[in-house]
Structures are given as C-alpha cells and as structure tokens.
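Report on the structure given below.
Source: prediction; values computed, not measured.
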Amino acid sequence: MNYFKKVIVFGIIVLDFISCNSVKQIPSKNTQIAFLSDVHLLDIYGSFSDSDYRGILNPYDGKYTLIRTMKSQLQSTRLFNENYFAFLAALDDVVKRNIKTVALPGDFSDDGQPLNIKGLKRILDDYSNKYGIRFVITTGNHDVAKPFLADSGKTDFLGKDGKNQVIMSKEGMYVSKSSNELPVVITKDIGTMGYVEVLDEMKEFGFYPKPSDFYWETPFSAYNSDNYTFEKALENAGIDKRNYNIPPYNNPIPDLSYLVEPTKGIWLLAIDGNVYIPKEGAKEHPQNPANYNSPNVGYNQVLTHKKHLIDWAAKVAQEAKKRGKTLIAFSHYPMVDFNDDASGMMRKLFGEQKMQLHRVPSEEVSELFAKAGIQIHFAGHMHINDTGFRKYKDGKALFNIQIPSLAAYIPGYKILTVKSKNKMQIETVTIDSVPDFKTLFPLYKQEYDYLKNSNDTAIWDREILSAKNYRDYTNWHLKELVRSRFLKSDWPEDFKAFLLKATANDLFAFAKVPYSKLKEFQKENWTGFDMIVDFYRIHSADELAFKDIGVKQIRQYKMIINSYLEYYGKLTKPSVEEISFYEFCSIFKSFINGAPSNNFIINLRRNTIYN
C-alpha cells in the first residue's frame, strides 16, 4: 500500500473512531421528544383469549365493547374508557407534528392486564410501522402492580341492561351479593402481569436495545460507550440479568431501568421507580405476589430499598457530561414537590394522609438526584400539570416536569424540543377535541336508567353527557369527583361546611375585602363550592386551568386571598375557622403563582426557567 493510500485509510479510521466516541456529540438542534404519561389504556375493543364473553353491544356503532361503568370512573382520579380515544387523538397529533420519539413514563395500561398490555402493543406497533415512531417506555404502579403474575379482576365493568358485570381471572374470587347480579365472567386476560410478562410483551419499546440505537445499557451492565456493541447490550437485556436484592430479606426483584441513545447525542434515562416493600411472608415465599406492597409511593422508597438507582444515575450523568451527551431522565414518579411548595401547609389543613400527600417526594430525594447530576426529569403518576424546581448552593439544580394525564383534567402531553445543549423548550399540548369521545354515551344512558330505576343513592349527574368536547368532559369528571369523593375523603368537616354554605359576598366579607374594590363584583352568584372546584382545577392543571376559570374569577380569588392574608397577620387569637381559611388561602396562592408549566424555556447552564 503506498503512502497516500495509507493516509486515506488512516484518516477514515480516525474519522470513524471520532464519530463513534467523540466527547462532544452534540445533538441536532430542535430534536423533539413527546411525553405521554398515565395513558391508562383499557382496550375497549379487545377480546379475551379464553372466554366467549365479548362485552356489550353498543347501538351507536354496532361494536361490542369492554368498558367500566360511568359510576366507577366518576369515583376514580382517572377516566377508564374515553381515554382510549384520547390516546389515539394524541398519537395522531404527534404524527402531524412529525415527532419521531415518544416516551411513555408509566401507567400506560389500566392495571397491567394481558388484555390491555396486548392492546397497547398493537397500537404502538401500528404507529411504529406506519409512521416510524420510536416508543420508549417505563413502568408505573398500574403496569406492574406486583412484581410477579397475580390473579385479579374488576367488579365494575358495564354489563347487560346497565348492570355491573364482574370479570375475574379465577373462579371463587368473587362472592355474589345479590341474585339479580349477572354471572361472573372468568378469564386469565384480566389478571395482572408481573415483570416477566410485561417485559416479554413490551421489549420492543425501549426495554430491549435496537440495532439502530447508538447506545443502550441497564444499571447492571458492565460495558460502556467505548466497548459497546449491540450484541453485548442484547445479552444484558434479559430479565435474568436485571435483578437486585430488596431488603430486608434480599429477595431478587427485577428492575427494568435502562439508558438509551435513540438519537445521536441524546441520552434518555428511563428509570423504573417501582419499589415493592416485602411483607413478612416474602421471607418464606418470595415469589408470591401477595407478599409485596404496592409501589405507588415512589422515590421516598427508592432511598431505602432501591439505592442502586441513585448511584447509577450519578454514573450515567458523569458519562453524559464526559461524552457531551444531553441527558434527559424520565420515570413514573415525581422527584420534586408537585404542589407548588404548598405541601407543608396542605398537611396542616387536610392532614398527613390526605390529598395524596404521602406521594410527595422528600427534599432528600430532590437533593440526591440533583447532586447525582440529573437536571431535567419528566414524571407522571399524579395526573397533574406542574413544574417543580430545586437549586442548591453547589450550583446543582433539578427541574421536575409533571406531565398531565390523557385520562384526567386537563388532558394533554408534553413536547421537549432540544434547542441546544443547554436550552430546552417545553410545550404543553392539550387534547381538547377528541372526535369519538361520545361513542359510549348510549351505554351510559342505559346505566343511568338502571341506577335511577333501582333508586341508587350514588347516582351520577347526567349532565356530564352534555359535555361539548373532551376537555369539557374531563372538567365534568373532576367536578363530579370533587362532589362525590374528594369532599368526603379529604376535607375537615367544619371547614368544609363553612365553605359549602358560603356565597361570594360571604367570602368577600370574611376576607375583609374593602368595599371600594367590590364595585364591579356586586352581583356575583358563585359559591364556596365553586371556589373548591376551581382550587382542584388549578391543582390539577396549573396555569392551563386559568382559561376555563376566567380572568374575572381569578381576579376575585386573588382579591380574597391577598386581603385575607393581610388581615390574618393582624389577628392575635384567630379562631379555628380563621386558621383554616388562612391555610386554604395560602395553598391557593401557591397554586396560582407556581413555576411556568405551559410553554417555557429551561436553561440548564444557568439553571433558569422562564415563559
């Protein structure tokens, strides 16, 4: 080989080495990733593999459907049925925007049933094949409710003539309470999958590497970017290579966390935050799913039972910095307080175990992950739109972006646009219009008529069926949820009674709003109940709710809040009622004045966030 040929060959080798191992692989500008969390897919048009039961025939479209009752979904923090259509609408919106990477941070299924996991797989495969979308997912508490396969079922499917239909995975799990009940349907497809089954079905969506990936690893991998091959990654992807020992009995539990580089220069850190605290029986029977608690608490239990995730996150962050990668983390659980830093005051008003406060991550969680090097993290679980931010003296910071659920108010998803290595733009897309969201309404009318004829005291408000669009429908859902569940379960009795009987004028007077400021609000007919509903609206949707509440109404709330907080500061011996209203106003003010959560920019170098 002559000199010039040697130079050319050497140059090609060097360029190839640099392209694969450069410490400055900056991603292309305007790379976009869509985050759709808490889809909670119920495959309403699915079928059972071991039962002839097909559901109920819908007179609207002539299709058999497997849906839950309206009564049950109005008692839940999420819709069970219409979110099927909302998920498809969101994916269609992603397609129109030509986004090629979609992350699902957990609770992608109703409850990890084979029926719904297989239904989700069909949908993701369809969009992958038609539009070239790469889906990357991680588990939530509803996808792997217990670490191992378990029998389960639901008592609230909608059956013939508007009655409840019980569907169980095994005989003898349900005892009939009335001779009027429909026969129980038995099918294994309504049980709940464990890690083995979920990984087997969903391996194509990030849990296993693809040949097209630039890099892929798990917390248990021994290789790095320098000696990476697809074959090594594939060898490490099996569930037998992805276990850790959970205390106190050191039982082996799978961990489906992984790091993937689907786009050059972008590292997506998919953290499996599920922690299954063993019960005493797990010592003797470690494979029995009944011997483990639900993982729904999140990162507070990672600190005590899954510490290897923090060390791994630090290692990944260090490698990302060294190699010039943009690191974006996502998981099901929040890493920062999602209550606009009002959790302390909420505990005073509602109590330690109310308002899902047990799910608020401790300050230690935020600090440890920030110091590990995680700067931006997308989370779900809470079905709310919010942004949490922590900045520390050592210059480390953590931005936690809460993704709204497609099954709750206000339905939507997030788009991350990587503008540069340090500049991230986040846009919130609301799914206001869903073409087919009224498809199941004729079946709900049958249910309503049955409840009415049965004189059911827990009958739901039929006005929800007058919803104009899907966003309005989720608004009705929240309002009914407040009326039928939240007010009963979360609120102190005396303070609840005070607010429910209060008119707008009563609240203006109680807050000592000066008469001079009330000239334009002399004929207001809203009530304390309306204020409670709007309190939940803002808690759920943050600034997205302002449009629904209206500028005028927000002004009145601010007037009451600011006036009362000033007045309260002058009181020497406030009554219990006055203390409760002070706490309520303080929380409400925090909700209204939270960090940007709609469309905003994060600068990771300066640790700033702005609209």
Side-chain angles (χ1 to χ4, degrees), residues 37-42 68 72 75-78 80 104-114 116-117 137-156 168-169 173 190-199 243-249 251-257 271-283 285-307 309 331-335 338 352-362 365 379-384 405 407-408 485 489-490:
S37 190
D38 297 271
V39 171
H40 287 288
L41 185 85
L42 171 62
R68 311 275 279 283
S72 65
Q75 286 286 328
S76 171
T77 55
R78 59 185 168 96
F80 297 131
L104 305 181
D107 281 5
F108 41 77
S109 66
D110 173 58
D111 264 322
Q113 306 97 330
N116 301 316
I117 294 288
I137 69 178
T138 191
T139 54
N141 56 300
H142 280 272
D143 307 313
V144 190
K146 296 294 173 74
F148 308 107
L149 184 70
D151 281 302
S152 188
K154 303 290 180 185
T155 62
D156 56 9
M168 293 286 157
S169 65
M173 291 181 67
I190 207 68
T192 58
M193 287 179 161
Y195 271 118
V196 171
E197 296 77 22
V198 169
L199 180 60
N243 286 272
Y244 70 102
N245 295 325
I246 190 166
Y249 311 122
N251 302 336
I253 298 287
D255 174 0
L256 295 190
S257 302
I271 302 174
D272 173 5
N274 285 350
V275 180
Y276 307 88
I277 306 293
K279 301 176 183 177
E280 188 175 345
K283 185 176 182 179
H285 303 285
Q287 298 290 314
N288 185 343
N291 289 330
Y292 296 88
N293 289 306
S294 167
N296 65 38
V297 172
Y299 280 105
N300 289 336
Q301 293 182 338
V302 166
L303 298 190
T304 56
H305 288 76
K306 211 171 182 180
K307 292 179 181 178
L309 286 179
S331 69
H332 188 56
Y333 303 100
M335 286 185 177
F338 46 78
E352 190 72 34
Q353 300 302 316
K354 306 293 186 179
M355 294 289 288
Q356 302 191 73
L357 287 166
H358 66 290
R359 294 179 169 182
V360 175
S362 70
V365 167
H381 194 42
M382 301 311 303
H383 302 181
I384 64 175
S405 170
R485 174 176 163 177
S489 63
D490 288 339

> Looking at Arg78 and Asp110, does any basic side-chain N land under 4.0 Å from a carboxylate oxygen?
Replying inline: yes

> Between Thr77 and Arg485, is a side-chain contact (heavy atoms from CB on, under 4.5 Å) present by the stated rule, with each step listed?
Replying inline: CA-CA 9 Å; Thr77 55; Arg485 174 176 163 177; 3.9 Å; yes

> So Ile246 and Val275, side-chain contact (heavy atoms from CB on, under 4.5 Å) or not? Walk me through it.
Replying inline: CA-CA 9 Å; Ile246 190 166; Val275 180; 4.2 Å; yes

>> Looking at Asp272, is its backbone amide N or carbonyl O close enough to the side chain of Ser331 to form a donor-acceptor pair, meaning the two atoms are under 3.5 Å apart?
In response: no

> Going by heavy atoms in the side chains, are Ser362 and Leu303 under 4.5 Å from each other?
Replying inline: yes

> So, the side chain of Asp107 versus the backbone of His142: is there a donor-acceptor pair under 3.5 Å, distance only?
Replying inline: yes

> Which atom pair, heavy atoms only, marks the closest approach of Tyr299 to Pro334?
Replying inline: CD1-O, 3.3 Å

> Nearest 0.5 Å, what's the CD1-OG distance between Ile277 and Ser294?
Replying inline: 10.5 Å

> For Phe148, does its backbone N or O pair with a side-chain atom of Tyr292 as donor and acceptor, under 3.5 Å?
Replying inline: no

> Sequence neighbours excluded, which residues qualify as salt bridge (charged side-chain N to carboxylate O under 4.0 Å, His left out) partners of Lys154?
Replying inline: Asp111

> So His332 and Thr139, side-chain contact (heavy atoms from CB on, under 4.5 Å) or not? Walk me through it.
Replying inline: CA-CA 7 Å; His332 188 56; Thr139 54; over 6 Å; no

> Where the side chain of Asn291 meets the backbone of His285, is there a donor-acceptor pair that is under 3.5 Å apart?
Replying inline: yes

> Considering only heavy atoms from C-beta outward, does the side chain of Val302 approach that of Lys307 to under 4.5 Å?
Replying inline: no

> Okay, side chain of Gln75, backbone of Ser72: is any donor-acceptor separation there less than 3.5 Å?
Replying inline: no

> Hey, is the main chain of Ile271 close enough, under 3.5 Å, to the side chain of Thr138 for a donor-acceptor pair?
Replying inline: yes

> How close do Asn300 and Val360 get, heavy atom to heavy atom, and via which atoms?
Replying inline: ND2-O, 3.0 Å

> Ignoring hydrogens and geometry, is there a side-chain-to-backbone donor-acceptor pair from Asp143 to Phe108 under 3.5 Å?
Replying inline: yes

> Any idea which heavy atoms bring Ser37 and His381 closest together, and the distance?
Replying inline: OG-N, 4.3 Å

>> With heavy-atom distances below 4.5 Å as the criterion, would you say the side chains of Asn245 and Asn251 are in contact?
In response: no

> So, for Ser169 and Ile190, which heavy atoms are closest and what is the spacing to 0.1 Å?
Replying inline: N-CG2, 3.4 Å

> With sequence neighbours left out, what residues match Asp156 under salt bridge (charged side-chain N to carboxylate O under 4.0 Å, His left out)?
Replying inline: Arg68

>> Would you say that Leu149 contacts Pro289 through its side chain, given a criterion of any heavy-atom pair below 4.5 Å between the two side chains?
In response: no

>> Tell me whether the count of non-hydrogen atoms from other residues, nucleotides or ligands lying under 6.0 Å of NE2 in His358 goes above 12.
In response: yes

> Can you check whether Met193 reaches Gln113 side chain to side chain, under 4.5 Å on heavy atoms?
Replying inline: no

> Sub-3.5 Å donor-acceptor pair from the side chain of Ser109 to the main-chain atoms of Ile117, do we have one?
Replying inline: no

>> Tell me the closest heavy-atom pair linking Phe338 and Arg359, and the distance in Å.
In response: CE2-O, 3.5 Å

>> I'd like to check the side-chain contact (heavy atoms from CB on, under 4.5 Å) partners of Thr192; sequence neighbours left out, ordered by chain and number.
In response: Ala150, Ser152

> Do Asn296 and Tyr333 have side-chain atoms, one donor and one acceptor, less than 3.5 Å apart?
Replying inline: no

> Where do Ala145 and Tyr276 come nearest, in terms of heavy atoms and distance?
Replying inline: O-CE2, 3.6 Å

> Does the Lys306 side chain pair with the main chain of Asn274, one donor and one acceptor, at a distance under 3.5 Å?
Replying inline: yes

> Quick one: CD on Gln356 to CG on Asp490, what's the gap to the nearest 0.5 Å?
Replying inline: 8.0 Å

> Does the pair His383 and His40 meet the rule for a ring-ring contact (aromatic ring centres under 6.0 Å, His included), with working shown?
Replying inline: CA-CA 11 Å; His383 302 181; His40 287 288; 5.1 Å; yes

